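Note sheet for the following structure.
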Amino acid sequence: MFSPPSKRSSLSARKNVPVQRDGNSTPLAENRRPMHDSPAVPNRPATGTPAPWVSRLSTLARIPPAKRSDRGDEVDAVQPVYVGEFPQVVREAQVMSLQNHVPADASISGGMDKETSLAWIICGNRLFIWNYLSPAASRKCIVLDLPSTTSENGDTGRSSFQTNDWLLCVLNWHSSKENVSKVVQQSNSAGIVMCNKKTHTLIFWPDIYNADRIPPLTSVAISDLEATKLLQNGKAIANKQWQKDKLGHNVAKLCSINSLIASAIPAATNSCIALACSSNGVLWRLLCSPSGIQCSQIEHGMPNIYSQGSDNSPLVASKGYPRSLTWHSFRRSLDDPTRQFLLLTNREIQCFAVKLSSEFDVSKLWSHEIVGTDGDLGIQKDLAGQKRIWPIDLDVDSDGKVITILIAIFCKDRVTSSSYTEYSLLTMQYKSGVDIAKPIGEKILEKKAPIQVIITKARVEDEEFLFLMRLKVGGKPAGSAVILSGDGTATVSHYWRNSTKLYQFDLPYDAGKVLDASVFPSSDDSEDGAWAVFTEKAGIWAIPERAVLLGGVEPPERSLSRKGSSNDGSLQDERRNVSVAGHIAPRRASSEAWDAGDRQRGGLSGVARRSPQDEESEALLSQLFHDFLLSGQVDGVLDKLKNSRAFEREGEINVFTRTSKSIVDTLAKHWTTTRGSEIALSVVSTQLVEKQQKHQKFLQFLALSKCHEELCIRQRESLQIIMEHGEKLAGMIQLRELQNMISHGSASGLGNYYGSDTRTSGALWDLIQLVGEKARRHTVLLMDRDNAEVFYSKVSDLEEVFHCLERQLKYVISEDMPILVQFQKSHELSNACVTLFSAASQYRSEHHLWYPPPEGLTPWYSKSIVWGGLWSLASLMRALLNETSRLDDSARLDFYSNLEVLSEVLLESYSNAITAKIERKEEHKKLLEEYWNRRDTLLDSLYQQVKNFVQAKLQESTIESEEKYKDMLIKLSSRLLSIAKRHGAYQTMWSICCDVNDSELLQSLMHESMGPKGGFTCFVFEQLYESKQLSKLMRLGEEFQDELATFLKQHQDLLWLHEVFLHQFSSASETLHALSLSKDDRSISSIEEIESNGSRCKLTLAKRKHFLNLAKISAMAGRNVGYELKVKRIEADLNILQLQEEILRHIDDNEEKQSMEQKLLSPIDLIEQCLKIQNRELALRAFDVFSWTSASFLRSNTSLLEECWRNAANQDDWGKLHQMSITEGWSDERTFEILKEKILFQASSQCYGPDAETFEGRFDEVLPLRQESSELSNFKDTGSSLEAVLMQHKDFPDAGKLMVTAIMLGSVWGSSSEDGSPTGMNYDEPYPME
């Protein structure tokens, strides 16, 4: 049935088993059968799976040949896996119990604690405790002697096997620390609270690791209080002598303790609270501390032993309740002083809140009826055929959101009159919107799903058997549950594809019962792992998820117990099985289930399976390679593999990749977990070298058979992975040598701070334990292996080293450690990482001809999982740089060098990843930014450390010399400079050059670092520009003219200087003109295409005028064709700038004026400001803007032009002028003299007069003086003219003739040009002034 993953020696397996009569396996089996029924095969138990220690058919032989594999993660995972042997001291105690002829029906207590990973078992009067996740070689067992007063009959010193029925809770005093820290350092602070179900005796060990110094505390307070309760209720017997001698014994017969839970008190030392419920309906609270045990009863409406349902219905059982207590898994934090627990009664779930303190306050939060008349709330009673309903047990998932209850219902079929029991699971969840921390309301829960019926018509069991059942939830597959029966079986229930599937774990009677079940911690702590089953005599087994999915079927028996199962089959049947097929594994307890499971495997889409074609191809490749190792011949290999379609898969699933992986991941057959870590590790190097030699042979096989060429063409990624297996092997070998050096105290570094046991200590050893433990938890088939063995065997998973560095570094190097220890540990881990990369690089260099073309392929050491771990370690070391003053000079330099090399490795990892992404044309911007940021952070910190060290040395020196400072700085930063140059850390390069003040070094780096966008040269130019060292910049530019030209394109305020220097005056004029009219200073300091965060130069109006004048001079100096027009355009822009200055003079000092002084106003803004200010001079200057801009601007802003005319007309009182002309009787000469001073006249002369100057058109083309005077037919339909605009004036009805006369006279008067007018310019091009 169950096949352990590795073969065990028959001799070692039998060495602890006493000699038995007639070859029987154990005395227990002997007590149950006649002497003449000895089996045909010696040492063979009666039925089922053999106990692992029994010398029966080899456990490896019971694995079918097709299923065998040296790869621990590829052994057939459909069967349960044996993962944990009992400690030797437990085995010896069990043997001693057998020799003492313990009765066959003696009960055994044992269990598993998920939080602390501790397993416990009681043999005789001793309690054994060990960590079941620890490898057997390093497993330590704590042995505690039970106080002699625990005997049920009161006989001191006499063992009481009949009452070995205990409830036990493990208390982790350091629960605030995450569980993963146990991998690095096992918990050394825990307590235990235990209670005997029958005698009610309480035992409290404050510290099990110091039990020899701190004795346990015992109490019978519960029995005493129960006796007092009975006396008070008038139910005691009057015989006082009976009360004195037999009271406790008889009370124990009346009730038993059903459940016990306990929790540590955060604010107290080695103190806890415990809660217990007894079958008489009482809930007890216990306060346990080193000073004593206090006991009291909780009065919160607990149901009485004689009570029934609220409607007196006989369908709901009440005897033996409440059944179960469990802590609610929801908790704000591990230090939260308040915790919730759930209580299962005969018809409801009750929730309480308890304060974890010496006050021990308990308050009821809510209750939910699960057995009642409303089927929507739970189980509906009063249905036809129902006779009795038992809520048996409940459990809560890890998130605290789903509550699962095991229900048993006694029914009777009306037709056949047969009785049966129905088992089902009821899942409840919190309603939407309910705060789990503070649930308020009457209806808190609701059904998550319909009731899952486990067995519809099961065998009728007695109530005592039902009450021994327990429920566990949380393992894989997700949503599965384990039901433990009282007679030693475990059944996994999994709801899948709308039906419930059962998987029954069962052992033969001589192997003992299943004592408990738990869940292995997941490898990434994100969810629970596989189910773990703790047996009485056969150790600990794991039930893989695959086994439940493939082996789960409808049960062939009508029972969750052993009654009627195939384990009770005749011995003769099994003898026949052995005689017919001695080398085949015997059928499991429920053989029909296995057969049915096999039939269903093809349809299980939820289980990832390889195709038969892949398996055949891999088998063929393995056989061909094996033949090559024997004969050295490769004839026809390529054709055979092509015909088997071995070249059709890419990546990890390629058959060549899988074969390579099997070579490097082979588990060593000669390793054993019972010989100790030192003996096991002594063969590591030999094993790794053997793997390396075999992998090299595999490469030769690929080359000689021409499969290498085929892979290089068709499956580059697969070939890359195969070669990386060789890299990882080389790295693992070097890592083992490094560990060997450390363990022997010969490793160079900062000294040893770990103590005497250096062979199994240190940061590297802790890291190996972390990675190995994660692999063991991820693959239950490796649970019986040592952590170091798993680590050195799983070569292909070398990336997990860096994953653990990223996620769990704080458990290897914590802030609580002495600072010197932190330095030592980080130094050790840094050496390990660098060693792996160096070995991989050397292997790649030596075998570069074997590699496929690298384009688009990402090396294993350039994946995110790797650089994430490197960055975590580098960040820690960078933080420790501030503490290097505590070290001597050599140690400081050594630590600095380690971080320097680690930084180089990290940056190289990033660089390769970015290159691969670019080659694959994938998005890489975020990765590139992350690379830049981390590069600058690390290198800046390293350089600052160099400067601090040099300055400290100079201060210690009596002679301070600048040359000495430079020499030391250059010497210590030489490698850092090389790294910075390799990875484009321009800021670090610039800082070094500035601090040593070496222009030759600067120019050399500028020549060598010719990267994109000008490289380091443009960066230097930018730094000089920001520091206003313009002359030095221009002198360097003479040597780097191409880079200077690239740089000056982004800095036009320097470009014109360069152009003048080159006598390119026309180009300089264009540059200066564009520079003067640039908006938002973009042309001054554009940083869109370069890496610069410097301040920008602000262009004031004065600077703009200065640039315009220089542009005018340059244009005149160049004298290119058309330079006259260029000069006129510049003059026009000068006039517009002068208008802005004039506008500013008319504005009061405020924020608006300050804003206008810092920017160039557009022509429209200038015109609007002229209209807004209401000044006669500015009203006239508004027309200058239209004249100095382009014709397109004039045509597109006709409405604004009309507004300017209205503003010009408003500058004079035309109604008053009209009255004066009538009163005074103006002559034509007088009228002309008067109108000549008016804005309307002057504007008309400026726009329409003989001396009017505009660019690309005339005002009359856009707005004619009078409609009938327009000669352009396209304006006749518009009805727009200057006269029409003036007709809208309020004085036009009276003074209209005078206003028209003014514009008409102005249009023919030429003397207005004496004030100067702009020259025509062409503004058809996009022009900033418009």
Side-chain angles (χ1 to χ4, degrees), residues 1128 1132 1135 1170 1176-1189 1191 1194-1195 1198 1200-1218 1220-1222 1224-1276 1278-1289 1291-1321:
K1128 290 181 179 179
N1135 290 334
C1170 291
R1176 291 178 62 83
E1177 182 179 357
L1178 293 180
L1180 185 60
R1181 294 296 299 273
F1183 295 98
D1184 290 342
V1185 178
F1186 286 102
S1187 300
W1188 294 329
T1189 51
L1194 186 63
R1195 288 192 295 268
T1198 305
L1200 187 60
L1201 177 61
E1202 294 176 355
E1203 187 64 29
C1204 290
W1205 282 111
R1206 296 188 189 96
N1207 182 62
N1210 291 333
Q1211 298 303 315
D1212 297 291
D1213 190 350
W1214 290 99
K1216 183 178 179 181
L1217 290 175
H1218 174 67
M1220 290 176 60
S1221 65
I1222 296 176
E1224 298 177 2
W1226 291 349
S1227 62
D1228 292 342
E1229 292 78 4
R1230 178 61 178 167
T1231 300
F1232 175 78
E1233 291 296 330
I1234 296 297
L1235 295 179
K1236 182 181 178 181
E1237 302 298 329
K1238 306 308 174 186
I1239 298 299
L1240 204 56
F1241 179 92
Q1242 296 175 11
S1244 176
S1245 177
Q1246 182 176 327
C1247 297
Y1248 298 96
D1251 299 330
E1253 294 184 3
T1254 59
F1255 299 119
E1256 303 174 357
R1258 304 190 305 273
F1259 278 89
D1260 56 359
E1261 294 177 352
V1262 178
L1263 190 68
L1265 284 173
R1266 305 184 74 172
Q1267 187 67 40
E1268 62 273 11
S1269 67
S1270 177
E1271 299 177 358
L1272 302 175
S1273 59
N1274 58 333
F1275 286 102
K1276 289 183 180 180
T1278 62
S1280 178
S1281 64
L1282 179 55
E1283 181 182 8
V1285 173
L1286 295 178
M1287 289 176 64
Q1288 302 174 12
H1289 196 274
D1291 294 333
F1292 191 85
D1294 298 327
K1297 183 177 180 181
L1298 198 58
M1299 298 171 69
V1300 172
T1301 301
I1303 62 174
M1304 295 305 295
L1305 290 175
S1307 65
V1308 297
W1309 185 257
S1311 59
S1312 62
S1313 61
E1314 63 188 9
D1315 292 336
S1317 59
T1319 58
M1321 297 174 63

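Just so it is clear, the model here is predicted, and its values are computed rather than measured.
Using a 4.5 Å heavy-atom threshold, the side chains of H1289 and N1210 count as touching. Side chains of F1259 and L1265 form no contact here, defined as non-hydrogen atoms less than 4.5 Å apart. Inter-residue side-chain proximity for L1217 and K1238 is flagged as met; some heavy-atom pair is nearer than 4.5 Å. When side chains are defined from C-beta on, W1226 does not count as touching L1235, because their heavy atoms never get closer than 4.5 Å. Using a 4.5 Å heavy-atom threshold, the side chains of W1205 and L1240 count as touching. Counting only heavy atoms from C-beta outward, the side chains of L1200 and F1186 approach each other to under 4.5 Å.
In this pair, F1232 and F1241 present their aromatic rings perpendicular. The plane angle is above 60°, beyond the 30 to 60° band.
Taking a cutoff of 4.0 Å between a charged side-chain nitrogen and a carboxylate oxygen, R1176 and D1212 qualify as a salt bridge.
Considering all non-hydrogen atoms of both residues, S1244 and S1307 come closest at OG-N, 3.3 Å. Residue G1215 comes nearest to A1295 through the heavy atom pair N-CB, 4.5 Å, listed as atom of the first residue, atom of the second, then distance. Taking each heavy atom of I1303 and V1300 in turn, the nearest pair found is CG1-O, 3.1 Å.
In this structure, the ring of W1214 has its center no less than 6.0 angstrom from the ring center of F1292.
Note that CD of Q1242 is 9.5 Å distant from NZ of K1236, once rounded to the nearest 0.5 Å. For the atom pair I1239 CD1 and E1177 CD, the distance stands at 9.0 Å (nearest 0.5 Å). Taking CG from L1286 and CG from L1298, the interatomic distance works out to 11.5 Å, rounded to the nearest 0.5 Å.
With hydrogens and angles disregarded, no donor-acceptor distance shorter than 3.5 Å links the side chain of R1206 to the backbone of V1285.
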Audit row: E1202, L1263, side-chain contact (heavy atoms from CB on, under 4.5 Å) steps and yes/no: CA-CA 8 Å; E1202 294 176 355; L1263 190 68; 4.0 Å; yes

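Residues E1203 and N1207 have side chains that never bring a donor and an acceptor to within less than 3.5 angstrom of each other.
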